[in-house]
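The next block holds one structure in the form of structure tokens; read it before the comments.
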Amino acid sequence: MDIRKVGIIGAGHMGAGIAHVCALAGHEVLLKDTSLQISERALATINGHLAKQVRKGRISEAERSAALEKIHAVDDYEPFATCDLVIEAVTESEEVKRQVFAELCPHLPPATLIGTNTSSISITRLAAATDRPEKFMGIHFMNPAPLMELVELIRGIATADETFHTVRAFVIGLGKTPAVAEDFPAFIVNRILLPMINEAIYALYEGVGTVEAIDTAMKLGAHHPMGPLELADFIGLDTCLNLMQVLYEGLADSKYRPCPLLVKYVEAGWLGRKTRRGFYDYHGDEPVPTR
Ligand code: NAI
């Protein structure tokens with residue numbers, strides 16, 4: 001099976017990025033959120049990101065306008081009947097995702113595949129909320145989707161080989177490199193990355209080093225492009241805490257215990273860059289460590 005037309009549900013950060021990548025690769029894209037205004041705002045954001053790629057010489061002006069023309073904001077599920085693949089990228093809530101599948105599935109022909117961009121919810125459980133578990137799998141894009149090379153592919157217990165091979169070929173066609181993960185909590189990247197970030201927060205909490213010392217140590221001593229605390233602020237401390245809780249509960253191992261300092265920051269509403277305060281303060285021109 002060949003994927004030509006892609007439906008994307010959720011026009012937030014990830015949905016917009018995935019639409020951008022799919023359209024640049026030549027796919028027709030339908031983009032749906034809870035209102036047409038949100039999808040139209042996402043189109044404007046995508047256009048801004050495409051224009052930046054043109055300025056940097058990565059794509060041509062003709063590629064920018066061709067990609068933009070391929071993305072259509074829609075307000076209901078009826079047009080999704082023409083899609084070969086639908087990728088769900090709505091808010092990370094099992095209840096919201098289940099509701100989306102319940103509304104979507106009656107509109108899809110039997111051959112249409114469904115992917116989810118979830119970071120932490122069981123693929124097998126989400127598949128069971130659809131009418132086609134054998135045509136369902138995890139297609140986990142990294143943030144920001146247009147820049148990151150990797151896509152994690154996760155099969156649920158019922159995912160058919162044909163679904164997997166079709167999606168794998170589609171992802172390679174987007175210019176991405178797939179890595180196959182089993183359906184365990186947080187898959188591969190977050191399973192390894194988040195405990196590292198959590199450990200950096202423990203090091204801060206226990207006074208092993210300051211924010212600046214910990215980030216400098218990991219940048220210059222381990223050649224990480226960003227320090228772990230800087231990265232935590234970028235990801236969002238609420239998202240970091242949520243992922244640690246998924247690991248802690250899903251694997252029932254105390255080594256994944258979220259650091260109390262992370263919990264405290266989230267309770268204070270200091271969520272990182274998006275609230276302009278986390279392990280750094282972002283109100284000025286340069287980020288200033290808060291500890
Ligand atoms: P976001 O909050 O930017 O976007 C979510 C969008 O879903 C919002 O625009 C919201 O209006 C929409 N939405 C909510 N309920 C809906 C419904 N019933 N129908 C249609 N649209 C609905 O969130 P983000 O960051 O884009 O995350 C989306 C998914 O991608 C989540 O599952 C998340 O775990 C996953 N993800 C996030 C990454 C990140 O770094 N932000 C990285 C990789 C995956």
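Values below: every heavy atom of this structure, side chains too, minus hydrogens, waters and symmetry copies. Note that ligands are numbered from 1 as they come in the structure, with each ligand's atoms numbered from 1 the same way.
- At a 4.0 Å heavy-atom cut-off, ligand 1 touches T34 through backbone and side chain alike.
- Judged by distance alone, the side chains of E88 and T116 do bring a donor and an acceptor atom under 3.5 Å apart.
- H140 counts as a contact of ligand 1, since one of its heavy atoms falls under 4.0 Å from the ligand.
- The protein non-hydrogen atom at the shortest distance from atom 4 (O) of ligand 1 is G12 CA, 3.3 Å.
- Scanning the protein heavy atoms around atom 43 (C) of ligand 1, the nearest turns out to be F141 O, 3.1 Å.
- Using modelled atom types, one finds no donor on one side chain facing an acceptor on the other under 3.5 Å when comparing D33 with S39.
- Proximity to V100 (heavy-atom distance under 4.0 Å) selects the following atoms of ligand 1: 17 (C), 18 (N), 19 (N).
- If you check which protein heavy atom lies closest to atom 29 (C) of ligand 1, you get V90 O, 3.4 Å.
- Here R64 pairs with E61 in a salt bridge; the nearest charged N to carboxylate O distance falls below 4.0 Å.
- Atoms of ligand 1 lying under 4.0 Å from any heavy atom of V96, numbered from 1 in the order shown and given with element: 15 (N).
- With a 4.0 Å cut-off on non-hydrogen atoms, T239 does not touch ligand 1 at all.
- Distance from atom 42 (C) of ligand 1 to its nearest protein heavy atom, with residue and atom name: M14 SD, 3.7 Å.
- Atoms of ligand 1 found under 4.0 Å from any heavy atom of I9, numbered from 1 in the order shown, are 20 (C).
- The shell of residues lying under 4.0 angstrom from ligand 1, judged by heavy atoms, excludes E88.
- Taking a cutoff of 4.0 Å between a charged side-chain nitrogen and a carboxylate oxygen, E182 and R155 do not qualify as a salt bridge.
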Please tabulate, for side-chain N and O atoms in residues 163-176, each donor-acceptor pair with protein atoms closer than 3.5 Å (sequence neighbours left out).
residue	atom	partner	partner atom	Å
T163	OG1	E134	O	2.7
T166	OG1	E162	O	2.7
K176	NZ	A145	O	2.7
K176	NZ	M148	O	2.8

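- Ring-plane geometry between Y282 and Y280 is classed as tilted, the angle between the planes lying from 30 to 60 degrees on a 0 to 90 degree scale.
- H224 and E230 share no donor-acceptor pair across their side chains, judged by distance under 3.5 Å alone.
- Looking at heavy atoms from C-beta onward, H27 lies out of side-chain contact with K70 at the 4.5 angstrom threshold.
- Atoms of ligand 1 found under 4.0 Å from any heavy atom of T118, numbered from 1 in the order shown, are 32 (O).
- The single protein non-hydrogen atom nearest to atom 10 (C) of ligand 1 is D33 OD1, 3.5 Å, given as residue, atom name and distance.
- Residue contacts with ligand 1: I38 is placed with no nitrogen or oxygen under 3.5 Å of a nitrogen or oxygen of the ligand (distance criterion only).
- For atom 2 (O) of ligand 1, the nearest protein heavy atom lies 4.0 Å or farther away.
- Heavy-atom contacts of K97 reach the following atoms of ligand 1: 31 (C), 32 (O) (cutoff under 4.0 Å).
- Here Q99 has no heavy atoms under 4.0 Å from ligand 1, in either its backbone or its side chain.
- The nearest protein atom to atom 33 (C) of ligand 1, hydrogens excluded, is given as E92 OE1, 3.7 Å; this is a heavy-atom distance.
- Looking at H140 and S119, their side chains do bring a donor and an acceptor atom within 3.5 Å of each other.
- D84 has no carboxylate O lying under 4.0 Å from a charged side-chain N of K5, or vice versa, which leaves the two without a salt bridge.
- Relative to the ring axis of F80, K32 does not place its NZ or CZ within 45° and under 6.0 Å from the centre.
- Numbered from 1 in the order shown, with element, the atoms of ligand 1 that lie under 4.0 Å from a heavy atom of T91 read 5 (C), 7 (O), 10 (C), 13 (N), 14 (C).
- Between H13 and ligand 1, at least one N/O pair is under 3.5 Å apart.
- For the pair N190 and P195, the tightest heavy-atom approach, listed with the atom from each and the gap, is O-CD, 3.6 Å.
- The shortest contact between atom 44 (C) of ligand 1 and any protein heavy atom is with S119 OG, 3.1 Å.
- Within the 4.0 angstrom cut-off, atom 36 (N) of ligand 1 has one or more protein heavy-atom neighbours.
- Between atom 30 (O) of ligand 1 and the options L126, L243, N117, the minimum heavy-atom separation is to N117.
- Here the side chains of T34 and V90 are not in contact, with every heavy-atom distance at 4.5 Å or above.
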